[in-house]
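Reviewing the structure listed below.
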Number of protein chains: 2
Amino acid sequence: MRTSSRKPPVPTGQFVDDLATQAEALVRLWDQAEDWAVPRIPPSQVKVLSLLRYRGEMNLSALATKFGAIPSSASRLCDRLEASGLVQREVPADNRREVRLSLTREGRRRLESFDDARREDLARVLERMSAEARAALLDGLREFSTAAQEARDASA
Amino acid sequence: MRTSSRKPPVPTGQFVDDLATQAEALVRLWDQAEDWAVPRIPPSQVKVLSLLRYRGEMNLSALATKFGAIPSSASRLCDRLEASGLVQREVPADNRREVRLSLTREGRRRLESFDDARREDLARVLERMSAEARAALLDGLREFSTAAQEARDASA
DNA sequence: TATTGTTATACTCTATAACTATA
DNA sequence: TATAGTTATAGAGTATAACAATA
């Protein structure tokens with residue numbers, strides 16, 4: 001048996017296992033960046049900011065879904081982010097029961113400080129790799145990003 | 001100016017920027033797995049379990065450091081993880097002021113349910129990539145893992 | 001009537017500061 | 001005296017359930 005399923009059946013196998021194993025170092029390095037950047041803000045708040053930048057503006061329900069939480073929790077999170085000036089709430093005129101969420105300028109600036117820390121962590125590892133491996137990694141990640149986008153579109 | 005520094009100076013440049021940009025899709029897919037797995041456990045608890053598996057047994061101070069928190073917070077987290085049977089505390093006979101932390105069998109089982117969800121998410125993207133890109137990605141990640149290990153050892 | 005979002009309550013996460021016990 | 005961990009307190013994160021407002 002080489003397949004399993006959660007919703008639709010998907011192929012699996014040794015390759016997926018190996019990739020999952022080898023990807024962990026990159027993921028850990030990435031996630032670690034927020035521990036360095038100052039001022040320290042709670043992980044959930046960082047996650048919301050990143051989501052808003054990565055996926056763009058959205059309403060509260062969409063944020064909750066992509067965040068992996070329920071609207072109630074997301075609303076509370078936004079209370080704090082709005083209070084500290086990192087996120088804006090805005091009620092669109094054409095549908096007054098939605099709340100449009102977006103990053104403020106300060107929210108973007110804060111994310112960029114995480115980016116800086118992350119690029120330095122990445123650079124310290126990349127400089128120990130061969131030029132060939134670096135190129136392979138970038139090419140592989142590029143196609144992965146494209147494929148991930150397609151997979152999201154297909155399931156939407 | 002093509003360099004910047006947080007602690008020691010490190011090289012940077014367009015390549016690092018591109019890699020950081022293209023890595024985000026993989027990281028998001030990875031981190032999303034814990035949203036699917038049931039039963040749902042808090043993100044901090046997942047992070048502790050993953051750390052204990054990735055880095056092996058350690059004392060409370062080491063966990064707090066690698067976790068990016070202070071010992072007090074880590075201790076409280078371990079209270080809950082111990083209460084729910086996912087982590088064990090153990091006092092070594094040769095140094096009775098330390099607390100050795102390790103995963104229980106149930107803790108490992110729980111992590112594996114996250115792994116399953118993650119492998120399915122990964123498989124759904126990988127099947128949309130060319131065989132060449134998949135191979136490049138795995139090779140690149142493999143060398144990245146090795147280099148990350150070296151970088152950790154060098155700074156330790 | 002269904003959808004979008006907020007509030008009430010209770011438990012979990014986290015930091016600061018104060019404490020206990022071991023080396 | 002310094003180090004490893006825990007506990008007291010307070011503020012942030014999260015879910016369940018109940019609520020208000022708009023479509």
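Basis for what follows: all heavy atoms, side chains included, without hydrogens, waters or symmetry-related copies. Residue numbers start from 1 in every chain, and the chains themselves are labelled A, B, ... in the order their sequence lines are given, proteins ahead of strands.
- Contact check, Arg96(B) against dT22(C): a side-chain N or O comes under 4.0 Å of OP1 or OP2.
- Across its full length, the helix from dT1(C)-dA23(D) to dA23(C)-dT1(D) shows an angle of 0° between the axes of its 5 terminal pairs at either end, rounded to 10 degrees.
- At the phosphate of dG5(C), neither OP1 nor OP2 sits under 4.0 Å from any side-chain N or O atom of Ser75(A).
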In sequence, state the C-alpha distance, the side-chain angles, and the governing distance for Asp18(A) and Gln22(A), and then conclude on side chain to side chain donor-acceptor pair (under 3.5 Å). CA-CA 6 Å; Asp18(A) 289 347; Gln22(A) 299 302 329; over 6 Å; no
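- We find that Asp115(A) and Arg118(A) are joined by a salt bridge, their nearest charged nitrogen and carboxylate oxygen being less than 4.0 Å apart.
- Remark: P of dT6(C) and CG of Leu63(A) are 11 Å apart, rounded to the nearest angstrom.
- For dT3(C), the base has a donor-acceptor partner in the side chain of Arg97(A) [N/O atoms by modelled type, under 3.5 angstrom].
- Using modelled atom types, no side-chain atom of Ser102(A) and backbone atom of Glu57(A) make a donor-acceptor pair closer than 3.5 Å.
- A salt bridge between Glu112(B) and Arg109(B) is absent, with no side-chain N of the basic residue lying under 4.0 Å from a carboxylate O of the acidic one.
- Side-chain contacts under 4.5 Å among hydrophobic residues (ILVMFWY), followed directly or transitively, place Val91(A) with no other residue at all.
- In this structure, CG in Asn59(A) is found 12.5 Å from CZ in Arg89(A), a value given to the nearest 0.5 Å.
- Nearer the 5' end of DNA chain D, as judged by each residue's closest nucleotide, is the contact made by Ser61(B), out of Ser61(B) and Gln45(A).
- Sequence order on DNA chain C of the closest nucleotides to Arg40(A) and Arg100(A) puts Arg100(A) first from the 5' end.
- Here the side chain of Ser50(B) pairs a donor or acceptor atom with the backbone of Val46(B) at under 3.5 angstrom.
- From the 5' end on, the contacts that DNA chain D makes with chain A at under 4.0 Å to a non-hydrogen atom open and close at dA12(D) to dA23(D).
- The side chain of Ser44(B) contributes an N or O atom lying less than 4.0 Å from OP1 or OP2 of dT14(C).
- Rounded to an integer number of Å, the gap from Glu34(A) CD to dT14(C) C1' is 13 Å.
- Between Arg80(B) and dC13(C), a side-chain N or O to OP1/OP2 separation shorter than 4.0 Å is present.
- Following rounding to the nearest Å, Leu101(A) (CG) and dT4(C) (P) show an atom-to-atom distance of 14 Å.
- Separating the CG atom of Leu81(B) from the P atom of dC11(C) is a distance of 19 Å, rounded to the nearest angstrom.
- Looking at heavy-atom distances under 4.0 Å, Arg89(B) makes contact with sugar-phosphate atoms alone, never a base.
- For Arg134(B) (side chain) and Leu126(B) (main-chain N/O), a donor-acceptor pair under 3.5 Å exists by modelled atom type.
- Checked by atom type and distance alone, the side chain of Lys47(A) pairs as donor or acceptor with a backbone atom of Phe67(A) at under 3.5 Å.
- One atom, CG of Asn95(B), and another, C1' of dA21(C), lie 12 Å apart when rounded to the nearest Å.
- When the nearest nucleotides of DNA chain C are assigned to Pro71(A) and Gly68(B) by heavy-atom distance, the more 5′-ward of the two goes with Pro71(A).
- Looking at Glu143(A) and Ser130(B), their side chains do bring a donor and an acceptor atom within 3.5 Å of each other.
- When rounded to the nearest whole Å, the span between CZ of Arg76(A) and C1' of dC11(C) equals 14 Å.
- Ile70(B) comes within 4.0 angstrom of a nucleotide base, judged by non-hydrogen atoms across all strands.
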